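Notes follow the structure.
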Amino acid sequence: VIYANNAGTSWPKPATVAEAVSAALTRPPQELGETYESAHAVACRFLGIEAPERLLLTSGCTSALALAVGDLPWREGDVVVTSAVEHHALARPIEKLVRERGVVHQTAPYRPGHPMDLDFVRDTLRGGRVRLVATTAASNVTGELLPVAELIELVHERDALYLLDAAQTVGVLPLDLRELNADILAFAGHKGPLGPHGVGGFWAAPSVSFESPWATCEIGSGAARAACSTFPGFCDVGSVNLAGVAGLAAGFQWLETNASDRPRRLARRLAAAIGQREGCTLLGGDARCERTATIGLTIPSLGMGHTEEFFSERGIVVRVGQHCAPTALEALGEPAGALRISFGHFNDERDVDAVIDVIDEAIKQG
Ligand SMILES: Cc1ncc(COP(=O)(O)O)c(C=O)c1O
């Protein structure tokens with residue numbers, strides 16, 4: 001089987017990830033504090049985090065975003081700007097702010113190859129009251145990269161914060177938080193980092209203050225609050241998914257020695273092949289557009305309902321649907337859904353050839 005749904009979850013995992021999970025489950029409880037501390041330190045090293053108390057490990061990117069977005073000190077009338085291609089994990093906590101806290105949500109227009117209109121962001125920032133610009137690092141449907149460096153520069157010209165949902169890029173593209181200059185970053189452990197499900201987290205710069213309307217997270221809120229401990233985190237998260245955190249660290253360690261640009265190269269090759277064919281459409285910018293290792297496409301002759309099955313009958317695992325990003329599908333003019341093919345470190349050129357053969361067969365059938 002050729003697995004090509006790494007944007008959904010990475011597979012296979014390196015053998016060392018399963019070994020680390022198993023070792024964490026067999027170590028006696030009195031040693032688990034040390035297991036956590038060393039795994040947390042690996043995550044900090046991988047992400048370029050200098051102050052470990054600013055990295056909170058959670059049950060995934062969704063819970064990390066809910067905490068980070070929900071616990072900022074919102075005032076009625078504050079504005080949040082996002083792109084049109086956000087995943088539910090970011091869009092939903094923002095919808096909740098709009099419903100419950102009088103926050104105003106502005107969405108920057110999307111154009112293929114230009115997933116976030118910088119002029120719109122600049123103008124909205126000028127209008128004042130923007131508290132947060134929050135975006136994904138890349139569309140999880142088309143793989144298109146958002147202009148993160150430019151956004152951070154614009155946001156910091158004003159008194160606003162930038163939150164990066166890096167679920168689609170951590171472990172796929174190099175990242176160093178000492179250089180990025182973002183304010184908050186959330187990530188998913190089971191995707192690019194090659195960790196197990198149920199682990200992820202967020203980091204917040206020391207300058208970011210949170211409040212805890214639901215008493216779930218109390219970071220960086222001044223001397224009145226108890227000093228943060230690095231275990232189990234800097235807020236009371238209850239029992240921690242230690243085996244998951246150990247597996248996450250093993251994934252990061254595997255990447256430290258083995259990561260390469262190959263998954264993205266494979267995606268570029270597939271994008272070029274799709275761009276040359278009639279009968280299928282590459283979604284987003286053209287094949288030269290900067291992407292992760294993810295390609296979104298449609299093959300009208302197949303019909304959305306049969307596409308996943310067609311590929312799976314030929315031994316290829318892909319994802320078809322709305323990918324938890326319905327506004328992205330609307331912006332792309334494909335509200336019914338799209339086919340997504342995404343490569344990982346265990347794919348190779350032959351996998352791309354096999355995918356292209358199946359696309360050709362599907363087109364011929366039509
Ligand atoms: C852009 C984006 N953000 C957030 C998430 C949610 O991540 P998790 O599965 O760790 O909750 C995903 C998962 O598909 C994603 O693609």
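Scope of the values below: all heavy atoms of this structure, side chains included, with no hydrogens, waters or symmetry mates. Since the structure is predicted, the reported quantities are computational estimates derived from the model, not experimental observations. Both counts, for ligands and for their atoms, begin at 1 and track the order of listing.
Between the CG atom of Leu146 and the CD atom of Glu290 there is a distance of 12.5 Å, given to the nearest 0.5 Å.
Within the 6.0 Å centre-distance limit, the rings of Tyr36 and His40 are counted as a close aromatic pair.
Side chain of Thr294 to main chain of Gly143: no donor-acceptor pair is present (N/O by atom type, distance under 3.5 Å, no hydrogens or angles). No side-chain donor-acceptor contact under 3.5 Å links Ser10 to the backbone of Asn6.
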Exercise for review: Kindly indicate, with the supporting measurements, whether the criterion side chain to side chain donor-acceptor pair (under 3.5 Å) is fulfilled by Glu330 and Tyr110.
Suggested key: CA-CA 10 Å; Glu330 268 162 40; Tyr110 169 90; over 6 Å; no

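Ring planes of Phe46 and Phe252: parallel class, angle under 30° (limits at 30 and 60°).
Pocket lining of ligand 1, defined as residues with a non-hydrogen atom under 4.0 Å away: Gly60, Cys61, Thr62, His87, Ala89, Thr136, Asn140, Asp165, Ala167, Gln168, Ala188, His190, Lys191.
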